[in-house]
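Lettering follows sequence order; numbering is per chain, from 1.
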Amino acid sequence: MILDMHVHTAASDDAAATAEAYLRWIGNMRKKHQIHGMVFTEHRSYDQERDYSALAQKYDVLIFKGAEIETMWGHFLVYGVTDGLLKQFDFMDINLDAAELVREVQAQGGIAVPSHPGRKFIGLCDYINSGADFSAIKVIEALNGGSSQEENRRAFELAAQNNLFGIGGSDAHYVSALGTCMTQFKRPITCIEELVEELYSGDYKPIYLKETQHGGL
Amino acid sequence: MTEASFFEEVEVGDELSPLVKQPTREQIRAYAKVWGATGARFNDDEAAKKEGLPGMIVPGNMMMAALAQMLTHRFSQQALKRLEVDFRGFMRPDDTLTCKGIITEKHIREGQNYIECDVFVENERGEKPVVGKAVIVIPFKS
Amino acid sequence: MVDFDRSVLGKGFSSGTFTIEKETILEFCRAVGETNPLYVDEEAAKKGPYGGIIAPPTFYTLLRTYSTNQPDLKLKFGTAAYDGGESGEFFQPIRPGDTLTATSRFTEVYEKTGRSGKLVFMVRETTFTNQKGEKVVVSQQTLVRR
């Protein structure tokens, strides 16, 4: 099963694509490539009310909701956002305590994953030697479609040196960037709880779009 | 000057003919002059460095104009309804900046034939210092 | 949280009157390498859809809508400002001889972090109207401070 783990819609401040535009684009992508679904990870926000199930069904695409929030150790993707987390953390705050966030997200049945760790200032690589406790981090975004080759190389190195699992996500802000990097899971996933469970299992790998061509896997 | 483009002829996934720009320092200064932008960053390498920049930079709007040029060349000025861009990185004089576009949506709404097109400027290092989206309305051929 | 005067958000203010000259359109075209006769060739443009020269779509970005009327956001952050983004919605063409009136308002101020550190984004919307009272362009400009 192949999912794009990091996608922004117009609900993010700097993205222009609507959810439905991505869904129609997937129809076009599927002529050549495999993609089963995506996770909408909006910047500094999580809309509890937004329900994508009708659209998901209409276009036969799995849609999950997450968030991308900002901490003093860089940006984190959060999968499995709960009411409790939204009460406990102000998602708009750009100086969240990352260690506390990672622990609390895990305690509440989710997972927090450092996004684009190889980027300067907003990636975990810049902070790994800061002396802070990173032991709760199990997974990083090893492949990010918006990062340079060098930034992704730093992310892979971070994963290798610290025995972390790696996911892939496009970080798409525009329709045509969808799926440039994705994650290939071994087992099928049907709900956010299963997605979180699979992320802790480590049974997946980050891949580039070209690796998903029909007949190529 | 404009390639005829009718709704039937456009498919999702189609790419526009790229437009290559290599703005020189003279062109950037000329643009800044029409704009009335007297600041160092568009006029003087050494003074720009003192502002913490790598040197003179290409105004983002100058490349937005180039993207509009690519779009109106393909679809006409009348067709272009909206153009939005994000400036994500510095562009330097003499960078090879390629304007590109790819059709992402095609639908009819309230009797109008809408095309949506992702647009971006790519440099020779494969980076995209400008990304954006255009909304276009074009007629049927028949 | 970013510190600024929230009462300024949404408040409209007049941000300038601009008389459009043909020579400015031509200079703009020369600077960006635009050669479409619709913008640069009076004779050819006369036979075209607009009956004369018009300005290219993004010409409006040259109009400096910073008047003394602009309310002070009292933003206490950053020493440098950059253009973060721009969007234009096009309603009517801009022609030489037009007099455009601009009205602006700040719609959003928010902070985020990027590769270069902490940033504050300000979004400013401007509506340009011509002498016939027609809406010409609505623009949204994103200014970044760091």
Side-chain angles (χ1 to χ4, degrees), chain B residues 1-2 19-24 26-42 51-53 57-73 75-90 99 130-137, chain C residues 18 21 23-41 44-45 48-50 53-66 79-94 114-117 121 137-144 146:
Chain B
M1 287 318 265
T2 299
L19 177 65
V20 182
K21 297 278 179 183
Q22 209 165 24
T24 63
E26 283 63 35
Q27 284 167 328
I28 294 165
R29 288 189 194 107
Y31 185 89
K33 188 169 171 246
V34 200
W35 190 14
T38 52
R41 66 182 69 165
F42 307 131
E51 286 185 10
L53 292 166
I57 54 170
V58 182
N61 291 340
M62 190 171 175
M63 291 313 293
M64 186 193 188
L67 289 169
Q69 187 179 2
M70 171 182 72
L71 289 160
T72 54
H73 182 77
F75 295 109
S76 87
Q77 165 124 357
Q78 277 162 301
L80 184 62
K81 300 300 174 195
R82 189 182 154 81
L83 175 59
E84 60 177 292
V85 290
D86 258 1
F87 304 127
R88 295 184 165 187
F90 292 128
C99 300
V130 185
V131 293
K133 184 179 123 172
V135 177
I136 293 139
V137 172
Chain C
F18 308 91
E21 284 168 27
E23 189 48 39
T24 319
I25 295 174
L26 296 176
E27 277 177 43
F28 172 85
C29 290
R30 277 196 292 273
V32 301
E34 174 61 84
T35 55
N36 188 334
L38 190 58
Y39 313 126
V40 299
D41 183 339
Y50 298 99
I53 279 182
I54 59 166
T58 70
F59 179 82
Y60 79 90
T61 62
L62 297 183
L63 307 174
R64 302 180 73 78
T65 52
Y66 297 94
T79 51
Y82 298 92
D83 283 336
E86 175 70 45
S87 83
E89 193 170 1
F90 310 109
F91 296 94
Q92 292 290 334
I94 296 174
R115 286 179 177 94
S116 59
F121 284 61
V137 177
V138 176
S139 94
Q140 285 195 357
Q141 183 185 22
T142 305
L143 302 156
V144 186
R146 76 165 200 221

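A distance of 8.0 Å separates CG of B/Asn61 from CG of C/Leu62, quoted to the nearest 0.5 Å. Atom CD of residue C/Gln92 and atom CD1 of residue C/Ile94 lie 10.5 Å apart, to the nearest 0.5 angstrom.
Contact of C/Thr142 with chain B is not made at all, since no heavy-atom distance falls under 4.5 Å. Of the atoms belonging to C/Tyr50, it is side-chain heavy atoms, and not backbone ones, that fall under 4.5 Å from chain B. For B/Arg41, the part lying under 4.5 angstrom from a heavy atom of chain C is the side chain only. Interface remark: B/Glu26 contributes no atoms to any contact with chain C (heavy atom separation under 4.5 Å). Neither the backbone nor the side chain of B/Ala32 comes within contact range of chain C; no heavy atoms are under 4.5 Å apart. Heavy atoms of C/Tyr39 lying under 4.5 Å from chain B belong exclusively to its side chain. The contact between C/Pro49 and chain B is made entirely by side chain atoms (from C-beta outward), counting heavy-atom distances below 4.5 Å. Contact of B/Ala66 with chain C is not made at all, since no heavy-atom distance falls under 4.5 Å.
The candidate from B/Lys81, B/Arg88, B/Met62, B/Arg29 with the greatest count of non-hydrogen atom pairs under 4.5 Å with chain C is B/Lys81. Chain B forms more heavy-atom pairs under 4.5 Å with one residue of C/Gly33, C/Gly84, C/Gly114 than with any other, namely C/Gly84. In terms of non-hydrogen atom pairs under 4.5 Å with chain C, the most contact-rich of B/Gly60, B/Ala68, B/Ala65, B/Pro59 is B/Ala65. Between chain C and the residues B/Gly52, B/Gly36, B/Ala30, the largest count of heavy-atom pairs under 4.5 Å involves B/Gly36. Listed options B/Glu84, B/Met64, B/Glu51 were ranked by heavy-atom pairs under 4.5 angstrom with chain C; first place goes to B/Met64. Contact count against chain B (heavy-atom pairs under 4.5 Å) is highest for C/Thr61 among C/Thr61, C/Val137, C/Thr79.
Side-chain contact check for B/Lys21 and B/Gln27: no donor-acceptor pair (N or O, by modelled atom type) lies under 3.5 Å.
A perpendicular orientation is assigned to the rings of C/Phe28 and C/Phe59, their planes being inclined by more than 60° (bins at 30° and 60°).
Around the CD atom of C/Glu21, the shell of radius 6.0 Å holds no more than 12 heavy atoms that belong to other residues, nucleotides or ligands.
Taking 4.5 Å as the limit, some side-chain heavy atom of C/Pro57 sits within range of a side-chain heavy atom of B/Thr72.
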Inset, instruction - Any chance you could lay out the ring pair (Phe, Tyr, Trp, His ring centres under 6.0 Å) test for B/Phe90 and C/Tyr82, step after step, and finish with the verdict? - result: CA-CA 10 Å; B/Phe90 292 128; C/Tyr82 298 92; 5.8 Å; yes
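Looking only at distances, no side-chain donor or acceptor of B/Lys33 sits under 3.5 Å from a matching main-chain atom of C/Glu27. Remark: the backbone N or O of C/Asn36 is paired with a side-chain donor or acceptor of C/Glu34 at under 3.5 angstrom.
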